[in-house]
Amino acid sequence: MSDKPQVSEVDDVPAPVKRSCGARFVAHYKKWWWVHLIVFVAVFLIIALPVVYVGYPHIAQSDVNKSTLNVTSMVVTNPTPESFHIDQVQVIGSHVAYHPQLYAFNASISLAGAASFASALIPAVKAINGATVTVNQELDVTSLSAFTDFTTAFLLNEEVGLNIYGKPHLKLGGLPEITVTYNKTATMKGLNKFKGFTLTDYSLVAPANSNGTNFKGTAIIPNASPATFSFGNVTLQLAANGTHIGESYLQDLVVKPGNNSVFMTSTVNETIVVDLMFGTDAPYPDGIVPIVITADAANASVYDGKVLSYYSHALAENTMNIKLNLSSLF
Ligand SMILES: *[C@@H]1O[C@H](CO)[C@@H](O)[C@H](O)[C@H]1NC(C)=O
Ligand SMILES: *[C@@H]1O[C@H](CO)[C@@H](O)[C@H](O)[C@H]1NC(C)=O
Ligand SMILES: *[C@@H]1O[C@H](CO)[C@@H](O)[C@H](O)[C@H]1NC(C)=O
Ligand SMILES: *[C@@H]1O[C@H](CO)[C@@H](O)[C@H](O)[C@H]1NC(C)=O
Ligand SMILES: *[C@@H]1O[C@H](CO)[C@@H](O)[C@H](O)[C@H]1NC(C)=O
Ligand SMILES: *[C@@H]1O[C@H](CO)[C@@H](O)[C@H](O)[C@H]1NC(C)=O
Ligand SMILES: *[C@@H]1O[C@H](CO)[C@@H](O)[C@H](O)[C@H]1NC(C)=O
Ligand SMILES: *[C@@H]1O[C@H](CO)[C@@H](O)[C@H](O)[C@H]1NC(C)=O
Ligand SMILES: *[C@@H]1O[C@H](CO)[C@@H](O)[C@H](O)[C@H]1NC(C)=O
Ligand SMILES: *[C@@H]1O[C@H](CO)[C@@H](O)[C@H](O)[C@H]1NC(C)=O
Ligand SMILES: *[C@@H]1O[C@H](CO)[C@@H](O)[C@H](O)[C@H]1NC(C)=O
């Protein structure tokens with residue numbers, strides 16, 4: 001007796017329970033949907049926000065860190081005592097999957113490890129491997145001593161580190177714009193003391209020119225770097241056997257990459273030179289005279305009538321030695 005109702009009850013019970021479970025489920029969500037939405041959004045944000053605001057900036061900064069910068073050409077023209085024009089082509093190296101947009105930014109330019117000498121506006125660029133950036137503008141020298149150190153290092157060294165530092169904004173696809181630190185040093189070949197400097201096709205000018213010059217020739221100025229510099233009107237000091245023998249003039253000197261052939265005139269004290277070759281106890285009786293070429297740090301480079309101290313100082317730091325066969329000239 002008691003079994004049958006129990007059995008029928010057991011048969012009947014599951015259906016109402018299933019319905020009420022589904023209905024309770026629906027009812028629960030109808031009532032509490034907003035709690036679930038808040039929880040879902042909170043969980044999403046807890047995961048997404050660090051990814052977007054911590055992970056992505058970190059990855060972006062790390063990729064910026066890994067990128068390289070090469071300077072393939074640099075033309076410095078129109079120098080004044082406190083400014084110069086630069087036309088520089090930089091190539092970005094980047095071997096990562098994404099190519100963010102870097103926005104234009106103001107960068108401090110310096111000799112690597114030294115104080116900044118100028119501030120340049122680096123234009124916007126998409127950071128793909130091989131992307132070129134052209135910086136073509138007039139720059140103010142913000143620190144004369146830092147710029148002098150840079151020009152001197154560039155003239156004297158085989159390699160020079162040019163540092164570019166700034167905080168550009170960066171954007172990748174639909175992700176938010178972030179700020180990264182850009183701190184890159186491009187290693188450039190320097191002028192390396194004009195190694196290989198020589199003088200060819202030289203001869204005496206007799207009678208002397210009206211400006212006093214009595215010697216002329218072609219200076220070969222090798223430039224191993226990718227840079228071009230306008231040094232202006234350059235005066236070099238000549239000495240032999242420890243005695244000042246004259247000055248050389250290189251007018252409107254522009255040193256481009258490669259070997260530069262530059263017309264040169266000089267004022268040479270012929271009395272002293274003849275004495276060095278033919279005098280009693282002459283040190284160079286064979287006529288091969290070693291000439292030491294220096295420059296006056298005070299005024300070796302003059303451009304548009306103004307002394308360029310940063311080039312004058314650099315030229316004065318560079319002592320060059322050549323041997324001239326003067327036996328047939330005198
Ligand atoms: C990027 O480089 C700087 C120093 O060069 C370092 O302090 C920083 O931790 C690096 N950032 C990343 C994300 O690698
Ligand atoms: C930059 O120069 C380095 C060597 O100084 C070279 O390994 C690299 O391939 C160059 N990158 C580009 C993009 O030219
Ligand atoms: C760069 O600096 C100049 C002057 O300080 C300012 O006018 C200009 O808006 C700056 N540009 C950027 C992209 O920050
Ligand atoms: C740029 O990086 C170099 C070497 O990693 C570091 O010595 C220099 O202090 C950094 N420049 C700035 C402005 O932080
Ligand atoms: C001197 O005069 C000669 C002949 O006119 C000229 O070629 C040379 O450039 C002049 N040099 C200087 C320093 O003015
Ligand atoms: C410059 O001249 C030197 C010596 O004549 C030569 O060895 C060198 O290859 C030349 N350089 C260029 C870039 O022409
Ligand atoms: C050349 O040098 C000698 C000896 O130092 C000097 O007496 C003479 O005046 C100089 N000549 C010229 C043209 O400067
Ligand atoms: C060359 O220099 C030496 C010392 O360095 C000196 O004794 C000699 O007199 C000089 N010769 C001439 C012609 O000036
Ligand atoms: C350059 O300065 C020196 C002094 O350092 C002076 O003797 C010379 O006359 C000056 N030359 C010119 C062309 O101004
Ligand atoms: C160099 O000197 C000459 C003659 O004095 C002048 O005509 C020329 O403008 C000067 N060049 C520069 C770059 O100052
Ligand atoms: C110097 O020049 C003369 C005349 O041109 C020549 O006879 C002599 O061999 C040359 N000396 C050297 C070392 O080249």
Side-chain angles (χ1 to χ4, degrees), residues 78-82 84 141 144-145 147-149 151-152 155-156 194 196-221 229-255 261-330:
N78 197 27
T80 76
E82 56 279 324
F84 58 94
V141 174
L144 189 56
S145 67
F147 190 49
T148 303
D149 288 347
T151 55
T152 305
L155 179 56
L156 298 183
F194 297 136
F197 177 96
T198 64
L199 194 61
T200 63
D201 305 329
Y202 47 86
S203 60
L204 286 176
V205 177
N209 290 312
S210 56
N211 58 23
T213 56
N214 58 355
F215 185 86
K216 66 175 180 174
T218 302
I220 308 294
I221 306 179
F229 289 96
S230 294
F231 287 103
N233 284 336
V234 170
T235 305
L236 299 172
Q237 306 296 327
L238 309 176
N241 198 39
T243 306
H244 185 259
I245 59 163
E247 296 183 334
S248 286
Y249 309 99
L250 299 160
Q251 286 216 25
D252 294 320
L253 177 61
V254 177
V255 178
S261 294
V262 181
F263 179 67
M264 190 189 88
T265 52
S266 306
T267 304
V268 175
N269 185 320
E270 295 180 28
T271 312
I272 301 177
V273 175
V274 165
D275 207 37
L276 287 171
M277 296 189 291
F278 309 117
T280 44
D281 295 331
Y284 314 116
D286 58 355
I288 313 295
V289 180
I291 310 274
V292 177
I293 304 172
T294 56
D296 192 329
N299 53 22
S301 161
V302 177
Y303 197 97
D304 280 348
K306 289 177 183 139
V307 170
L308 300 179
S309 65
Y310 44 86
Y311 286 153
S312 299
H313 187 274
L315 291 164
E317 291 285 312
N318 183 34
T319 299
M320 297 187 290
N321 293 281
I322 59 171
K323 280 184 178 168
L324 296 184
N325 183 349
L326 301 176
S327 61
S328 63
L329 298 189
F330 294 90

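Whatever order the structure lists them in is the order used to number ligands and atoms, beginning at 1.
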Audit row: Thr267, Tyr249, side chain to side chain contact (heavy atoms under 4.5 Å, CB included) steps and yes/no: CA-CA 8 Å; Thr267 304; Tyr249 309 99; 3.5 Å; yes

Those atoms of ligand 9 less than 4.0 Å from some heavy atom in Asp296: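 By the 4.0 Å cutoff, the relevant atoms are 1 (C), 2 (O), 3 (C), 4 (C), 5 (O).
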
Numbered atoms of ligand 9 (with element) below 4.0 Å of Ala298, judged on heavy atoms: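 This gives 5 (O) as the contact atoms.
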
Specify whether the nearest protein heavy atom to atom 9 (O) of ligand 7 is under 4.0 angstrom away. no

Go through the steps to decide whether Ile293 and Phe197 satisfy the test side chain to side chain contact (heavy atoms under 4.5 Å, CB included), and finish with yes or no. CA-CA 10 Å; Ile293 304 172; Phe197 177 96; 3.6 Å; yes

Test item: His244 side-chain N/O and Gly246 main-chain N/O as donor-acceptor pair under 3.5 Å: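 The answer is yes, because a donor-acceptor pair under 3.5 Å joins these two groups.
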
Counting C-beta onward and ignoring hydrogens, is there a side-chain heavy-atom pair between Leu253 and Phe229 closer than 4.5 Å?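 In short, these two side chains do not touch, never coming nearer than 4.5 Å.
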
Flag the pair Phe231 / Leu250 as yes when at least one side-chain heavy-atom distance between them is below 4.5 Å, and no otherwise. no

Proximity winner for atom 6 (C) of ligand 7, if only heavy atoms of Thr243, Asn269, Thr267, Val268 are counted: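 Result: the heavy atom closest to atom 6 (C) of ligand 7 is in Asn269.
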
Atoms of ligand 7 close to Ile272 [distance to a heavy atom under 4.0 angstrom, numbered from 1]: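 Matching atoms, with element in brackets: 2 (O), 5 (O).
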
Applying side chain to side chain donor-acceptor pair (under 3.5 Å), name anything that partners Glu317, two or more places apart in sequence or on another chain. none

Thr319: side chain to side chain donor-acceptor pair (under 3.5 Å) partners, not counting sequence neighbours: none

Does a donor on one side chain sit under 3.5 Å from an acceptor on the other, for Thr213 and Asn211? yes

Can a non-hydrogen atom of Gly287 be found less than 4.0 Å from any atom of ligand 11?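 No heavy atom of Gly287 comes that close to ligand 11.
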
Can you sort out which atoms of ligand 11 are near Ile288, meaning under 4.0 Å from one of its heavy atoms?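 Those of ligand 11 that fall under 4.0 Å from Ile288 are 11 (N), 12 (C), 13 (C).
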
So which protein heavy atom does [atom] come closest to, and at what separation?
atom: atom 4 (C) of ligand 11; result: Ser328 CB, 3.8 Å
atom: atom 2 (O) of ligand 11; result: Asn325 ND2, 2.3 Å
atom: atom 3 (C) of ligand 11; result: Ser327 OG, 3.5 Å
atom: atom 14 (O) of ligand 9; result: Asn299 ND2, 3.2 Å

